[in-house]
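On a predicted model such as this, the values are computed, not experimentally measured, just so you know. Counting starts at 1 for both ligands and their atoms, in listed order.
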Amino acid sequence: LERPRALSGIQPTAGSFHLGNYLGAIRQYVALQESHDAFYMVVDLHAITVPQDPAELRANTRLAAAQLLAAGLDPDRCTLFIQSHVPEHAQLGWVMNCITGFGEASRMTQFKDKSAKQGADRATVGLFTYPILQVADILLYQADSVPVGEDQRQHIELTRDLAERFNGRYGHTFTIPAPHIVREVAKIYDLQDPTAKMSKSAVSPKGLVNLLDDPKVSAKKFRSAVTDTDTVIRYDETEKPGVSNLLTIHSALTGTGIPELEQQYEGKGYGALKTDLADIFVEWVTPFHERTREYLGDPETLDSVLAKGAEKARAVAAETLAAAYDRMGL
Ligand code: ADP
Ligand code: NA
């Protein structure tokens with residue numbers, strides 16, 4: 001029996017992925033490679049929708065791939081590649097641009113948020129149409145499932161709409177993907193402001209745990225995490241967002257259920273939880289650092305993994321693109 005196909009992309013981040021990226025996305029990628037025929041890509045074409053320094057973009061793209069491998073993506077079990085190595089993304093992206101209504105594209109709410117950050121006059125047309133490139137990313141692989149967070153729901157709906165439109169006009173060409181909204185996935189909050197999502201755009205770096213920071217620095221961030229003036233270790237997102245976040249991270253890294261953790265810490269103070277969590281994180285992240293460094297220190301191996309990934313991806317993408325071109329009269 002063939003495994004269902006899954007596709008997901010992640011942006012190359014400057015420097016390092018953070019703990020929210022790992023627990024909220026990358027860990028699921030690692031799990032899905034067992035149950036799915038999974039395609040994962042570092043979306044450098046999406047990264048250029050906002051200004052990028054060329055040397056930094058190239059380095060960050062490789063760093064992202066190295067971290068994905070270090071986190072457990074296995075090139076023998078999944079297909080890992082760099083988006084720009086597969087030219088069919090840009091090609092099908094154009095086709096999809098040509099069947100999308102201008103009004104339809106204008107209703108994508110993320111453009112409003114992202115262009116507001118850029119300043120309306122500086123936002124590019126690429127930023128405006130990036131959800132349409134994302135549609136092409138998914139449809140090229142005939143993906144059954146797209147593991148995404150709630151914030152991507154509108155983009156998956158656009159994907160389904162455009163796939164149905166193309167199939168209706170030109171004959172069945174694309175698999176209609178089901179959104180695989182990962183609700184059970186951990187949402188990680190800032191350690192200093194536990195009501196805000198942990199994000200690389202955090203106001204203060206003190207609440208942000210970057211995977212490639214010195215583990216001692218991260219351990220200190222856990223030990224000085226903001227909690228509350230109570231002393232009881234109990235999961236309660238409204239009353240105790242800080243403690244709840246620490247319990248979520250502990251549970252995600254150790255596999256211990258939250259009720260068990262509440263029992264384990266009964267009668268103990270916040271200090272014990274924070275110190276334990278600092279140790280648990282350091283123990284997890286230390287081999288992650290070593291594996292990332294190994295990949296970065298051996299550019300030939302990394303290049304070869306990515307070249308093989310692009311070759312596997314192209315085999316699928318080229319077939320889909322050829323069918324789409326043919327049906328359209330190209
Ligand atoms: P950021 O929010 O730091 O800009 P991205 O938007 O690049 O991160 O997110 C990359 C992936 O990591 C996405 O799948 C996103 O849902 C996930 N992610 C980002 N931050 C968190 C978080 N704090 N908790 C859980 N998942 C997260
Ligand atoms: Na984000």
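Near Lys187, meaning under 4.0 Å from one of its heavy atoms, ligand 1 places the atoms 24 (N), 25 (C). Remark: ligand 1 atoms within the under-4.0 Å shell around heavy atoms of Ala25 are 11 (C), 12 (O), 14 (O).
Residue Gln152 places every heavy atom at 4.0 Å or more from ligand 1. Proximity of Gln11 to ligand 1 is not established, as no heavy-atom distance is less than 4.0 Å. Judged by the shortest distance from any of its heavy atoms, Ala186 lies inside the 4.0 Å radius around the atoms of ligand 1.
Polar contact with ligand 1: absent for Tyr189 (N/O pair, distance under 3.5 Å). Of the polar atoms of Ile10, none of the N or O atoms is found under 3.5 Å from an N or O of ligand 1, judged by distance alone.
The environment of NZ in Lys206 is sparse: at most 12 heavy-atom neighbours from other residues, nucleotides or ligands sit within 6.0 Å. Residue-environment remark: NZ (Lys308) stays at or below the threshold of 12 foreign heavy atoms within 6.0 Å. A 6.0 Å sphere centred on CD of Glu319 holds no more than 12 heavy atoms belonging to other residues, nucleotides or ligands. At most 12 non-hydrogen atoms from other residues, nucleotides or ligands lie less than 6.0 angstrom from CD of Glu283.
The aromatic rings of His89 and Phe81 sit tilted, their planes meeting at an angle between 30° and 60°.
Residue nearest to atom 23 (N) of ligand 1, selected from Ile188, Ile26, Thr248, Asn21: Ile188 (by heavy-atom distance). Of the listed options His18, Lys197, Gln28, Met198, Lys197 places a heavy atom closest to atom 2 (O) of ligand 1.
For the side chain to side chain donor-acceptor pair (under 3.5 Å) with His155, the qualifying choice from Arg153, Glu157, Gln152 is Gln152, the only one to do so.
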